[in-house]
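Quick note: numbers below take in every heavy atom, side chains included, and nothing from hydrogens, waters or symmetry partners. Labels below follow one simple rule: chain letters A, B, ... track the order of the sequence lines, proteins then strands, and each chain is numbered from 1.
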Amino acid sequence: HPNVTVTFCLLCAVEYSTMPIEKNITLDRPSAVKLICELTTSGDLNSVNVTWKKGDDVLENNYPTSATGNILYTQYLLTISNSKQMGSYSCLFQEEKVLRGTFNFKVPELHGKNKPLISYVGDSTVLTCKCEDCFPLNWTWYSSNGSVQVPVGSQQNKHVVNGTHANETRLRITQLLEEDGGSYWCHALFQLGESEEHIELVVLSYLVPLKPFLAIVAEVVLLVTIILLCEKYTQKKQQPLDGGKEFEQIEQLKSDDTNGVENNAPRLRKTEPAGQ
Amino acid sequence: MARRAEPPDGGWGWMVVLSAFFQSALVFGVLRSFGVFFVEFVAAFEEQAARVSWIVSIGIAVQQFGSPVGSALSTKFGPRPVVMTGGILAALGMLLASFATSLTHLYLSIGLLSGCGWALTFAPTMACVSCYFSRRRSLATGLALTGVGLSSFAFSPLFQWLLSYYAWRGALILVSALSLHLVACGALLRPLFLADDTAVGGPGAQLNSLLHHGPFLRYTVALTLINTGYFIPYIHLVAHLQDLGWDPLPAAFLLSVAAISDLVGRVASGWLGDAVPGPVARLLMLWNTLTGVFLALFPVAQSSTALVALAVAYGFTSGALTPVVFSVLPELVGTGRIYCGLGLLQMIESLGGLLGAPLSGYLRDVTGNYTASFVVAGAFLLAGSGVLITLPHFFSCFSATISRPQDLVTEPLETKVPLPNEKQED
């Protein structure tokens, strides 16, 4: 039996409201719980009918109710030690209308990954599940194809389950194959119930990124070829002009080298137009 | 091919700027966005974040230390084959990384191999841009460097999407394909033969002459000092803001604002560097001093508006620094030695970058807040400004043509007789 009582209070120091009032409480181990509801009203407190319900079933009349000034105060003590005692407990104040406050007891939720986990054939991957401030009795992993859940962990070298802290579990899968992809479930067993979470594993083959890779490589090769060909083409267009200029320069150097004896006559002809 | 005496300042030069834009995006944009992969690596290899971040640190270190090699090879073979080889190496490193089974594997493939590839691309490409432009050199460099900023915006969400679709192995394969476009960028770097190139000799001789060149050495010292302080805000601003009580989302938003301001600063400074007469080193000193002052003011600003204003101002001036840094170099050493000069500069200034971040972190640990580290960073920048004043012709009123390479060349260009019209355009 636990020796610490946890107290939860609804409508405490909160104004009168007709909105549905709920409190979600996470429990992972047997606890002694005290539930308190306070009602502040201006009417006659004695005419208010106070009941406690679990779900829709009225609970036995052993809850103390007291009134101070305008505030009606009721409490319910219970010990939650198994999953049957989990659920919703409500306090009801009946005047002209019924005011209901609900305490919802739940086992801790598990957190996995929202997005699918992607990995490759031959690689290894780790699936993690964790919950906050919880100590499950047991962790189990299942894989499911369709609706059938098959426990995981049978093959020794392939699946390894361990966890560094009590509030997390890790499933390590090595030497992935494409068939290993699919839905995985991590299952936490508490004294007060069970909780599970879904993780999706996708195993891709290397061909999947390879195809866009090869497409881009082909595009780069094409770009380089176009650029180099364009350059050759523009060079060829310039070459007849450049070749002509170089030819003229060579001719002038040759004519400068010689003493001009032989080429006298052509030189005279050349210089005439240049002199103009 | 006939040799030109003047850089074309346009024409094919703009294609070179385009190439430099994409390759600075593919080198530094990828490096800056690589943080997206960190979470995946930490989970996949079950290692600490600090050890994973060494991947990028090794990559940057190899890129900067290897720059002289890239530059020396460019002097010998021209930038085109060197940059294309660099692109292949960078892509190969990423491809091999996708098969990694341990963190060491990633250190070697991304850090070492891709780092070598990046070393062969960045410095030669920026030097090529400087070769193709003289009057519009700063603008061209500024436009080319906007690739870094824009790609950081684009690549981070792209890498996230790749990771969610293909996981980190497939994403690395596709980043490798992306990096392969460096080869296409390299193909655009048509060799340009300038008249003063032949006068200066092979890479060994150039390196030697550079190491004895007073102004170049002073410039290197200035840039090392600047580099020490430059990166501090990028690394520590978010942490400093969180110390002041900011939430992560507004802090990240402030960084984005600074990044946009950085982009605007690059282009504006590039345009200004060409429009204003006189040595570009003066503008560098102006932007540098302003950046140092803004850095030192960071600890003083407490209110949100002051911090936003400072971030915008810092972003603008620090972005304005970058194109001018590259434009000063040809004025100092000439286009013939630009490749070697840029490579050597990158390598030495990287010491500042390696020193700055740990120093700042150490000051933070010792004093308890970032005041000391911001002030020291600002002081380094102002010290760099001080050294910049000692550069030649700093106070001259004439344009930079006085220190032009034609003066350093001993052999006169006797085949060209300068016609009266030619010099007036300077």
Enquirer: For atom CG of N138(A), decide whether the heavy atoms of other residues, nucleotides or ligands shown that lie under 6.0 angstrom number more than 12.
Expert: yes
Enquirer: Can you establish whether the number of heavy atoms outside F22(B) located under 6.0 Å from its atom CZ is more than 12?
Expert: no
Enquirer: Any heavy-atom pair between the side chains of F99(B) and Y120(A) that's under 4.5 Å?
Expert: no
Enquirer: Show me, pair by pair, the donor-acceptor contacts under 3.5 angstrom made by side chains of residues 173-190 of chain B, not counting sequence neighbours?
Expert:
from	atom 1	to	atom 2	distance (Å)
S176(B)	OG	A91(B)	O	2.8
S179(B)	OG	V175(B)	O	3.1
H181(B)	ND1	L178(B)	O	3.1
H181(B)	NE2	E219(A)	OE1	3.2
H181(B)	NE2	E219(A)	OE2	3.0
R190(B)	NE	E231(A)	OE1	3.1

Enquirer: Answer with side chain, backbone, both or neither: which region of L95(B) has an atom nearer than 4.5 Å to a non-hydrogen atom of chain A?
Expert: side chain
Enquirer: Is chain A contacted by the side chain of S164(B), its backbone, both, or neither, given a heavy-atom distance below 4.5 Å?
Expert: backbone
Enquirer: Select, from I216(A), L214(A), L223(A), L117(A), the one with the greatest count of heavy-atom pairs under 4.5 Å involving chain B.
Expert: I216(A)
Enquirer: With a 6.0 Å cut-off (strictly less than), is the heavy-atom count around CH2 of W12(B), excluding the residue itself, greater than 12?
Expert: yes
Enquirer: What parts of residues 76-87 of chain B touch chain A if we use heavy atoms and a cut-off under 4.5 Å?
Expert: R80(B), M84(B)
Enquirer: Could you pull out all donor-acceptor pairs under 3.5 Å where a side-chain atom in residues 201-213 of chain A meets a protein atom, sequence neighbours excluded?
Expert:
from	atom 1	to	atom 2	distance (Å)
S205(A)	OG	L207(A)	N	3.3

Enquirer: Atom CZ of residue position F38(B) - does it have more than 12 heavy atoms of other residues, nucleotides or ligands inside 6.0 Å?
Expert: yes
Enquirer: Checking an interface table here. Which of residues 109-128 of chain B come within a heavy-atom distance under 4.5 Å of chain A?
Expert: none
